[in-house]
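Beneath this line is the structure, given in structure tokens, with notes to follow.
Because only heavy atoms are used, hydrogens play no part in the values below, and waters and symmetry mates are left out as well, while side chains stay in. Note that the structure is a prediction, hence the values are computed from the model and not measured. Labels below follow one simple rule: chain letters A, B, ... track the order of the sequence lines, proteins then strands, and each chain is numbered from 1.
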Amino acid sequence: DTGVSQDPRHKITKRGQNVTFRCDPISEHNRLYWYRQTLGQGPEFLTYFQNEAQLEKSRLLSDRFSAERPKGSFSTLEIQRTEQGDSAMYLCASSLQGMTEAFFGQGTRLTVV
Amino acid sequence: DAKTTQPPSMDCAEGRAANLPCNHSTISGNEYVYWYRQIHSQGPQYIIHGLKNNETNEMASLIITEDRKSSTLILPHATLRDTAVYYCIVREVDNYGQNFVFGPGTRLSVLP
């Protein structure tokens, strides 16, 4: 296992379309985080899972956004009816309970045209 | 909001030590100091973390002041590949999976 894997790396979509991103955490990491990063800013927290339970959601996560982690392994982040303001890098991170650091994937860069 | 303050940018000559400061004057007793960096178009990379004592690993050293209100990340021999945005983050001891709150960070440019 080489780290947190995200797919796709890049996505271009038309405004109004739905998109889904996938994150595969490091094996046995039971915590999984989603972040969003716009140009020139630090990553902003979106949501967090412990196993399959979604324990925290940011106010940034509007009702067009939904995240799942059905079996406590990989996670998906779906954005419905995309808007140009959704254009950003979407980052996933994972950690093991009791471990203090989290490890990030390379991100999915979304461009809404 | 981020609980840390960092200079927006710094330059460092290749081969010299890079000293990146961070202020966290409101840090509480159960909060760690973490450093991550982000090279262009990549995800953030964990560097080091500490609670009270100074820490060193193969990447860097972390010096935390005695009152814990500030810290310095030291890259002992900076190379061009260390050019990145460096984020200083304070975060509670992880019992509940508290998320990492990133500020704008310090953009370090290592110059040849």
- Message: Please tell me whether B:Tyr32 and B:Arg91 have a donor and an acceptor in their side chains that are separated by less than 3.5 angstrom.
- Response: no

- Message: Less than 4.5 Å to any heavy atom of chain B: does that hold for the side chain of A:Glu44, its backbone, both, or neither?
- Response: neither

- Query: Do the rings of A:Tyr35 and A:Phe104 sit parallel, tilted or perpendicular, given the 30° and 60° boundaries?
  - Reply: tilted

- Inter-residue atom distance B:Met10.CE - B:Thr106.OG1, 0.5 Å rounding: 7.0 Å

- Query: Between B:Gln45 and chain A, which part of the residue has a heavy atom less than 4.5 Å away: side chain, backbone, both or neither?
  - Reply: neither

- Query: How are the rings of A:Phe21 and A:Tyr90 set to each other: parallel, tilted or perpendicular (split at 30° and 60°)?
  - Reply: tilted

- Message: Taking side chain as everything from C-beta outward and backbone as N, CA, C, O, which of these in A:Glu101 sits under 4.5 Å from a heavy atom of chain B? Side chain, backbone, both or neither.
- Response: both

